[in-house]
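Read the structure below first, then the notes.
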Amino acid sequence: MLEAGLLDSVMEQAAAGELTLTGEGGFLPELVRSVLERGLATELTEHLGYEKGDPAGRGSPNSRNGTTPKTLATEVGPVGLAVPRDRGGSFEPRLVAKGQRRAGGLDDMIISLYAGGMTVRDISAHLERTIGTELSHDTISKITDSVLEEVKAWQARPLEEIYPIIYLDALVVKVRDGHQVRNRSAYIAVGVDLDGVKHVLGIWVQAGEGAKFWAGVCAELRNRGVRDVLIVCCDGLRGFPEAVEATWPQTTVQTCTVHLIRAAMRFVSYTDRKRVAAALRPIYTAPTVEAAETELAAFADSDLGRRYPATIATWQAAWERFIPFLEFPPELRRIIYTTNAIESLNFQLRKIIKNRGHFPTDDAVIKLLWLAIRDIEDKRARARAKEAGLPADQRRAPGKLVEGSTVLGWKQALGALALAYPDRIGPYLN
């Protein structure tokens, strides 16, 4: 078609309004129909062993037996096919299998739209409006459910024996519970391996907050191969430190300083927030634990501290889980003082889930978040591929969001970890 210049003629007719490219009777559906029907005819010829009209087929135990009409939903609209049959009923087409009503590319398109944040109803209306394909809500749901087995395999995959650092953060989602819709937390765990590469370890929807839930999460990670974790960074989750220490007794649980500041600022008037934030800064930037205690006491004795005693109480309640990172050098503090390592991921995911009123089940939450993470990483990978070979100062494509990205300054941080935990991390470094 290219050599003969047929595409130029087609595009000229389309530009002149004499030809439609998609939809019923369009050029692309007709092209797909012709290609598929020729392919099916070729498959039947291979199955029978002789060409149509060939005298060699006389007396054959099997022969052609007309066609069966079928409508195939495709990316360019519905395509009507005449599927050839054989008298023996033994012909099993591979190009368009028996019972197949959709082209593979359409399933991929639906999954991509779902991962981008569109609901089942949105996808149904979009397909009908753009390519004229009508699919029921149940059909679209079944298509998106086809990835559940892949999600389960990902959620149960083996993990590394040791992760120096694990970050844990949550997204609030709405899930239907009987006749009510309740808020639940979808927690995402990101582990940093010995090479400083970040990996999403799993997604869990929290049905009930407390030690029992987190004990189950830690046991799952342990059963998947994680023998030791040096530092766990989280947002002060209730019951989590005890669950971590029950599974990995020597693990340090570090409360996210950013979350702690936000929690303390809830009690502060808007007009005083900048002053309070400036007064709190010497506490979490102190060189030692003793210096941090001195700064907290000084803040408590100040006018702002006396005005907001609840802010002081918030810091005092979280003090034992806040101070561990003060024992480490600056290159390691920068990495573990906050869970911002996955905040950018959460920002992207929130844009996708905000369009949904609620999810029917916990599995639906995990499915969408997994698809969204995969879709986000694929988009970034395609953007980087387009700029491959360009000088570094001309590249504008975003880097890896989480999966496979490397922690900045990891060599220095790993050196600090090796000094702090020589017996635990040393054997894995050799």
**Request:** If the plane angle is over 60° it's perpendicular, under 30° parallel, otherwise tilted; pick one for Y187 and W214.
**Result:** perpendicular

**Message:** According to ring-ring contact (aromatic ring centres under 6.0 Å, His included), who are the partners of H137, at least two apart in sequence or on a separate chain?
**Reply:** none

**Asked** Rounded to the nearest 0.5 Å, how far apart are OG of S90 and CZ of R85?
**Response** 13.5 Å

**Item:** Separation of L371 CG from E150 CD (nearest 0.5 Å)
**Value:** 8.5 Å

**Request:** May I ask you to test the V200-W154 pair for a side-chain heavy-atom distance under 4.5 Å?
**Result:** yes

**Asked** What heavy-atom pair brings A416 and P329 nearest, and what distance separates the two atoms?
**Response** CB-CG, 3.6 Å

**Request:** Ignoring hydrogens and angles, tell me if any N or O in the side chain of W410 forms a donor-acceptor pair with the backbone of L194 under 3.5 Å.
**Result:** yes

**Complete:** For H259 and D169 the tightest heavy-atom approach is NE2-OD1, 3.7 Å

**Asked** Tell me the ring pair (Phe, Tyr, Trp, His ring centres under 6.0 Å) pairs involving residues 277-318, sequence neighbours left out?
**Response** W315-F322

**Asked** Has R281 got more than 12 heavy atoms of other residues, nucleotides or ligands less than 6.0 Å from its CZ?
**Response** no

**Message:** A side-chain contact here means heavy atoms from C-beta on lying under 4.5 Å apart; do V120 and I123 qualify?
**Reply:** no

**Asked** Is the side chain of D86 donor-acceptor paired with the backbone N or O of G89 at a distance under 3.5 Å, no angle test?
**Response** yes

**Asked** Side chains of T252 and V232: does their closest heavy-atom pair fall under 4.5 Å?
**Response** no

**Side chains of E220 and W204, donor plus acceptor under 3.5 Å** = yes

**Message:** Which heavy atom of A418 sits nearest to which heavy atom of I425, and what is that distance?
**Reply:** CA-CG2, 3.7 Å

**Message:** Has R424 got a side-chain atom pairing as donor or acceptor with D228's backbone, closer than 3.5 angstrom?
**Reply:** no

**Message:** Evaluate L417 against L230 for side chain to side chain contact (heavy atoms under 4.5 Å, CB included), listing each step before the verdict.
**Reply:** CA-CA 8 Å; L417 286 169; L230 302 184; 4.2 Å; yes

**Request:** Work out which heavy atom in I353 is nearest to a heavy atom in V172; give both atom names and the distance.
**Result:** CD1-O, 4.1 Å

**Request:** For L408, look at atom CG and say whether over 12 heavy atoms of other residues, nucleotides or ligands are found less than 6.0 Å away.
**Result:** no

**Message:** Are V83 and T67 packed together at the side-chain level, in the sense that at least one heavy-atom pair is separated by less than 4.5 angstrom?
**Reply:** no

**Prompt:** For the rings on W248 and Y163, is their centre-to-centre separation under 6.0 Å?
**Reply:** no

**Request:** Assess whether side chain to side chain contact (heavy atoms under 4.5 Å, CB included) is satisfied between L168 and C233, documenting all intermediate values.
**Result:** CA-CA 6 Å; L168 195 72; C233 303; over 6 Å; no

**Request:** Decide yes or no on side chain to side chain contact (heavy atoms under 4.5 Å, CB included) for Y428 and E161, but give the supporting numbers first.
**Result:** CA-CA 9 Å; Y428 298 99; E161 288 189 34; 3.5 Å; yes

**Request:** Step by step, work out the salt bridge (Lys or Arg N to Asp or Glu O under 4.0 Å) result for D301 and R306.
**Result:** CA-CA 7 Å; D301 291 336; R306 286 190 290 270; 5.3 Å; no

**Message:** Tell me if a side-chain donor or acceptor on D177 pairs with a main-chain N or O of Q180 at a distance below 3.5 Å.
**Reply:** no

**Item:** Exercise: do Y337 and T255 side chains pair donor with acceptor under 3.5 Å
**Value:** no

**Message:** Determine whether E327 and T288 satisfy the following criterion, side chain to side chain contact (heavy atoms under 4.5 Å, CB included), listing intermediate values before the conclusion.
**Reply:** CA-CA 7 Å; E327 302 288 346; T288 64; over 6 Å; no

**Prompt:** Atom CG in N183, atom CD in Q206: separation rounded to 0.5 Å?
**Reply:** 12.0 Å

**Request:** Please assess K142 against D145 for the test salt bridge (Lys or Arg N to Asp or Glu O under 4.0 Å), listing each intermediate value before the final yes or no.
**Result:** CA-CA 5 Å; K142 289 178 181 178; D145 285 344; over 6 Å; no

**R333 to F325, cation-pi by 6.0 Å centre distance and 45° axis angle** = yes

**Prompt:** Side chains of L159 and L201: does their closest heavy-atom pair fall under 4.5 Å?
**Reply:** yes

**Prompt:** Taking side chain as C-beta onward, heavy atoms only, is V226 less than 4.5 Å from I162?
**Reply:** no

**Message:** Within a 6.0 Å radius of atom CZ on R227, are there more than 12 heavy atoms belonging to other residues, nucleotides or ligands?
**Reply:** no

**Asked** Looking at OG1 of T314 and CE of M265, how far apart are the two atoms once the value is rounded to the nearest 0.5 Å?
**Response** 11.5 Å

**Request:** Please round to the nearest 0.5 Å and tell me the distance separating atom CG of D362 and atom CD1 of I203.
**Result:** 12.5 Å

**Fill in**
The residue among R184, H358, R182 that forms side-chain contact (heavy atoms from CB on, under 4.5 Å) with K174 is H358

**Request:** Looking only at non-hydrogen atoms, find the nearest pair between D195 and T406 and report the distance.
**Result:** O-CG2, 4.1 Å

**Request:** Report yes if the side chains of I188 and L349 come closer than 4.5 Å at any heavy-atom pair, otherwise no.
**Result:** yes

**Complete:** Rounded to the nearest 0.5 Å, the OG1 atom of T257 sits from the CZ atom of R321 at a distance of 14.0 Å

**Request:** Side-chain contact test, heavy atoms from C-beta onward, threshold under 4.5 Å: evaluate it for I366 versus V205 and give yes or no.
**Result:** yes

**Fill in**
Nearest heavy-atom approach of C234 to F240 is SG-CD2, 3.9 Å

**The single option from H199, E160, K198 passing side-chain contact (heavy atoms from CB on, under 4.5 Å) against V192** = K198

**Request:** For R273 and R266, indicate whether the former's side chain and the latter's backbone hold a donor-acceptor pair under 3.5 Å.
**Result:** no

